K.L.:
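Take a look at the following structure, please.
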Amino acid sequence: MLPRGRPRALGAAALLLLLLLVGFFRLDGRPRGTAGLDGDPPGDHNRSGCHPPRPRPPKCELLHVAIVCAGHNSSRDVITLVKSLLFYRRNPLHLHLVTDSVARNILETLFQTWMVPAVHISFYDAEELKPQVSWIPNKHYSGLYGLMKLALPGVLPPHLARVIVLDTDVTFASDIAELWALFAHFSDKQVIGLVENQSDWYLGNLWKNHRPWPALGRGFNTGVILLQLDRLRQAGWEKTWRQIATRELRTLLATSLADQDVFNAVIKEHPGLVWPLPCVWNVQLSDHSQAEHCYLEASDLKVIHWNSPKKLRVKNKHVAFFRSLHLTFLEYDGNLLRRELFGCSSPLPPRAEQLQLALAQLDEEDACFQFRQQQLTVHRVHLTFLPHELPAPQPHDVTLVAQLSMDRLQMLEALCRHWPGPMSLALYLTDAEAQQFLRFVAASAVLSARRDVAYHVVYRDGPLYPVNQLRNVALAQALTPYVFLSDIDFLPAYSLYDYLRTSIEQLELGSRRKAALVVPAFETLHYRFGFPSSKAELLALLDSGSLHTFRYHEWPRGHAPTDYARWREARAPYLVQWAADYEPYVVVPRDCPHYDPRFMGFGWNKVAHIVELDAQQYELLVLPEAFIVHLPHTPSLDISRFRSSPAYRDCLQALKDEFHQDLSRRYGAAALKYLTALQQPRGLA
């Protein structure tokens with residue numbers, strides 16, 4: 001297994017309790033198995049029964065699942081759906097994801113870093129499907145993407161015979177292998193498995209002049225579909241649905257429920273194509289749902305479908321019960337799903353075997369075992385967790401790059417007020433904290449109004465704060481030519497964004513000059529103070545004792561080379577020389593060296609980066625009108641460990657020595673000056 005932090009026992013226990021309740025009690029309070037419809041015969045042709053048979057496919061058979069996903073919000077929904085699949089599954093899975101570029105970037109990174117055994121991922125470009133469905137007017141909120149399931153038989157690999165197709169807004173409460181096993185009930189002519197629609201939509205009596213697409217009885221819902229692909233292709237599926245859709249559009253003009261309308265029109269004309277699935281495989285919580293006729297009497301529930309535009313806010317007298325089930329998976333620790341399928345030989349995810357070998361070679365008696373182990377930890381990464389708009393291309397634009405954890409969320413609003421430009425922020429959160437973060441942003445008018453702030457969630461795993469890994473995630477996702485490498489506890493001068501862009505242009509940074517622009521750092525020890533609007537005001541606060549140069553009282557050598565005395569009088573940028581333990585905040589081209597990920601927790605994480613910049617011959621150029629101010633906060637857990645634990649400090653020293661050895665291998669004799677600096681007496685770093 002990959003290294004990970006200690007499971008949250010309370011969360012796991014709560015999930016187990018909830019799932020036991022789902023399995024053993026009905027929503028009317030009676031135990032499962034009491035009088036109900038389990039023995040009742042089915043009604044009309046497309047009535048879905050509530051008593052699914054329980055065959056299973058062979059233990060290690062690969063199950064194929066197709067999902068259409070586009071955009072930031074839909075990507076988050078897919079992850080919750082996949083969590084519910086993984087929680088119950090006993091078979092290897094192959095996910096076929098039809099995505100736009102946004103969803104692919106998010107989900108490809110997520111699955112690469114999640115590294116779940118026995119899960120295969122294939123991506124298909126939604127842009128290539130658009131011409132096949134763009135001719136169909138669609139009034140449904142899903143837009144073009146809501147029609148793409150119609151084209152899946154022609155898009156998925158020709159050798160693929162069967163697939164389960166899922167909407168992104170479903171949550172599993174059972175093993176998907178049970179659903180896959182229902183393919184065995186298809187006759188030779190049946191090619192589609194669907195649950196009956198659980199509202200009166202297709203009966204046409206919801207409101208006056210309501211005219212739905214044709215359907216067989218109540219029609220079918222397409223949130224969960226079993227497709228017998230080989231038979232569909234042989235039967236000329238594409239020609240059939242296109243002909244029927246073209247004919248119906250002459251009078252109906254547009255679809256109201258996207259692909260579902262077309263599927264139902266085809267089934268109305270060819271009823272022998274469908275095998276009705278038991279109702280529990282698609283319990284529909286739409287605005288006009290009558291799903292309780294299914295779930296109040298069913299022996300157990302299998303799939304919950306939030307098929308209302310209101311999603312979890314839908315009006316339903318039992319919605320609290322279903323919402324609890326969904327939220328449990330929403331906040332469930334995805335690290336716990338990195339479990340192997342015992343008895344099924346399946347290739348490990350890329351890099352997993354090498355990581356396992358490296359972990360096996362670690363000595364648990366080593367005083368620095370925690371550091372070594374966490375260096376090998378692969379954190380799940382969810383890029384652009386919230387909707388994000390790409391910045392307009394500007395040759396001298398700058399992205400503020402920083403990282404934070406849950407205890408620093410309160411800094412975000414102030415930072416947005418001070419920095420009007422793009423930002424790339426990495427957040428170190430648990431799955432539950434990520435949902436709290438969503439609510440925090442939604443409740444803030446300042447944060448919800450910004451679309452140029454990219455939030456990247458790195459999921460918590462392990463006892464040490466992976467500060468440089470977080471910085472690297474945020475840095476790699478910056479989209480402007482230049483980046484301002486800051487920390488979340490600093491507020492920039494109100495004018496800094498514009499000033500940096502002007503300075504970059506004037507100094508010809510990047511094009512003709514390889515330089516890092518130093519932004520002088522200050523700090524206040526007061527939780528409330530008037531933020532300076534200019535350098536003159538800052539100097540006045542400095543002289544009055546309301547402000548200080550950053551860490552002057554704890555670690556002055558970290559910023560002394562900036563030469564604050566010179567900065568007071570400077571009117572033009574000036575060069576400074578690298579010195580031991582120098583760790584300024586800098587503006588550099590986006591393609592600058594990344595941070596060294598071996599440094600985590602407190603100590604030397606920025607220092608090592610500045611050493612790397614100096615080794616690569618970046619000039620250090622101090623800007624005369626730039627400044628940032630550090631706000632006070634309680635000490636982090638990692639700085640407390642550093643101060644209290646000699647073993648922690650010894651491990652940090654070992655990492656420094658290894659860092660210098662790597663420098664020597666890469667830069668040869670040029671690295672000697674850093675070795676000399678390392679041998680000097682040290683205090684805090």
Side-chain angles (χ1 to χ4, degrees), residues 1-2 4-5 7-20 22-23 63 65-69 72-97 99 103 106-121 164 166-179 223-224 281 283 301-306 311-312 322-341 349 378-383 385 429-438 457-461:
M1 290 295 289
L2 298 175
R4 58 177 181 262
R8 291 181 293 119
L10 180 61
L15 175 63
L16 180 60
L17 176 60
L18 176 62
L19 299 177
L20 287 172
V22 171
L63 313 185
V65 179
I67 304 169
V68 178
C69 173
H72 301 87
N73 295 335
S74 184
S75 297
R76 291 202 310 273
D77 293 338
V78 164
I79 293 164
T80 306
L81 161 59
V82 170
K83 281 184 182 180
S84 68
L85 287 175
L86 294 177
F87 184 85
Y88 294 102
R89 65 99 179 223
R90 303 180 191 176
N91 286 66
L93 298 177
H94 190 148
L95 303 182
H96 301 265
L97 305 178
T99 62
I106 294 169
L107 295 174
E108 194 165 38
T109 301
L110 180 94
F111 283 110
Q112 285 174 356
T113 54
W114 201 347
M115 303 180 77
V116 181
V119 173
H120 311 271
I121 310 292
I164 295 173
L166 302 173
D167 278 357
T168 60
D169 55 359
V170 302
T171 307
F172 269 71
S174 184
D175 187 349
I176 193 173
E178 295 179 33
L179 179 59
V224 177
W281 285 108
V283 176
L301 305 180
K302 303 294 186 181
V303 178
I304 311 304
H305 186 189
W306 303 89
K311 301 305 176 188
L312 271 63
F322 295 112
R323 189 185 293 126
S324 295
L325 175 66
H326 178 80
L327 292 178
T328 300
F329 286 115
L330 198 66
E331 300 186 354
Y332 186 73
D333 185 352
N335 297 327
L336 302 179
L337 297 169
R338 286 170 161 168
R339 55 178 183 248
E340 297 178 18
L341 293 180
V378 178
H379 295 272
R380 279 180 299 139
V381 177
H382 186 142
L383 302 176
F385 195 69
L429 306 173
T430 65
D431 294 72
E433 287 173 343
Q435 299 309 310
Q436 295 177 45
F437 166 68
L438 281 179
V457 173
V458 179
Y459 286 101
R460 186 180 293 275
D461 192 355

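Everything numeric here is computed off the predicted structure, so don't read it as measured data.
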K.L.:
Looking only at atom types and distance, does a side-chain atom of R90 sit under 3.5 Å from a main-chain N or O of L341, one as donor and one as acceptor?
P.N.:
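No, the answer is negative, given that no donor and acceptor are paired below the 3.5 Å cut-off.
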
K.L.:
Quick check against the 3.5 Å criterion: does T113 have a side-chain atom that pairs as donor or acceptor with the backbone of V381?
P.N.:
yes

K.L.:
Measure across A434 and L429 and return the closest heavy-atom pair with its distance rounded to 0.1 Å.
P.N.:
CA-CD1, 3.8 Å

K.L.:
Are the side chain of R380 and the backbone of V457 linked by a donor-acceptor contact shorter than 3.5 Å?
P.N.:
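Side chain of R380 to backbone of V457: no pair is present.
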
K.L.:
What are the two closest non-hydrogen atoms of T168 and S74, and how far apart are they?
P.N.:
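Shortest heavy-atom contact: CG2-OG, 3.5 Å.
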
K.L.:
Of all heavy-atom pairs between R339 and L336, which one has the smallest distance, and what is that distance?
P.N.:
NH1-O, 3.9 Å

K.L.:
Enter the distance from L327:CG to T171:OG1 here, rounded to the nearest 0.5 Å.
P.N.:
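With rounding to 0.5 Å, CG (L327) is 9.0 Å from OG1 (T171).
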
K.L.:
Please report the interatomic distance CG(L166) to SG(C69), rounded to the nearest 0.5 Å.
P.N.:
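It comes to 12.5 Å.
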
K.L.:
Look at the side chain of D333 and the backbone N and O of R460, then say whether any donor-acceptor pair between them is shorter than 3.5 Å.
P.N.:
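No; zero donor-acceptor contacts below 3.5 Å.
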
K.L.:
Rounded to the nearest 0.5 Å, what separation is found between the OG1 atom of T80 and the CG atom of D431?
P.N.:
9.0 Å

K.L.:
What class does the angle between the rings of H382 and F385 fall in, given that below 30° is parallel, 30 to 60° is tilted and above 60° is perpendicular?
P.N.:
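The rings of H382 and F385 stand perpendicular, inter-plane angle above 60°.
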
K.L.:
What residues, two or more places apart in sequence or in another chain, satisfy ring pair (Phe, Tyr, Trp, His ring centres under 6.0 Å) together with H72?
P.N.:
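H72 satisfies ring pair (Phe, Tyr, Trp, His ring centres under 6.0 Å) with no other residue.
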
K.L.:
Quick one: pull up CG in L85 and CD1 in I164 and give me the separation to the nearest 0.5 Å.
P.N.:
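Answer for the CG-CD1 pair, L85 versus I164, is 8.5 Å.
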
K.L.:
Any idea how W306 and F322 line up, ring-wise: parallel (<30°), tilted (30 to 60°), or perpendicular (>60°)?
P.N.:
perpendicular

K.L.:
If every non-hydrogen atom of T99 is compared with every non-hydrogen atom of A103, which pair is closest and at what distance?
P.N.:
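Where T99 meets A103 most closely, the heavy atoms are CB-CB, 3.8 Å.
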
K.L.:
Donor-acceptor check, side chain of W281 to backbone of L179, threshold 3.5 angstrom: yes or no?
P.N.:
no

K.L.:
Ignoring hydrogens and geometry, is there a side-chain-to-backbone donor-acceptor pair from H379 to Y459 under 3.5 Å?
P.N.:
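It does hold such a pair.
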
K.L.:
Please evaluate residues F87 and Y332 with respect to the criterion ring pair (Phe, Tyr, Trp, His ring centres under 6.0 Å), reporting the C-alpha separation (whole Å), side-chain torsions for both, the decisive distance (0.1 Å), and the verdict.
P.N.:
CA-CA 10 Å; F87 184 85; Y332 186 73; 5.6 Å; yes

K.L.:
Heavy atoms only: give me the nearest G223-V170 pair and the separation to one decimal.
P.N.:
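Heavy-atom minimum between the residues: O-CG1, 4.0 Å.
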
K.L.:
Quick one: pull up CG in D169 and CG in L81 and give me the separation to the nearest 0.5 Å.
P.N.:
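Separation between the atoms: 9.0 Å.
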
K.L.:
Of all heavy-atom pairs between L337 and V116, which one has the smallest distance, and what is that distance?
P.N.:
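Taking every non-hydrogen atom into account, O-CG1, 3.5 Å.
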
K.L.:
Do side-chain atoms of K83 reach the backbone of G334 as a donor and acceptor pair under 3.5 angstrom?
P.N.:
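No, the answer is negative, given that no donor and acceptor are paired below the 3.5 Å cut-off.
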
K.L.:
Atom CD in E331, atom NE2 in H326: separation rounded to 0.5 Å?
P.N.:
10.0 Å

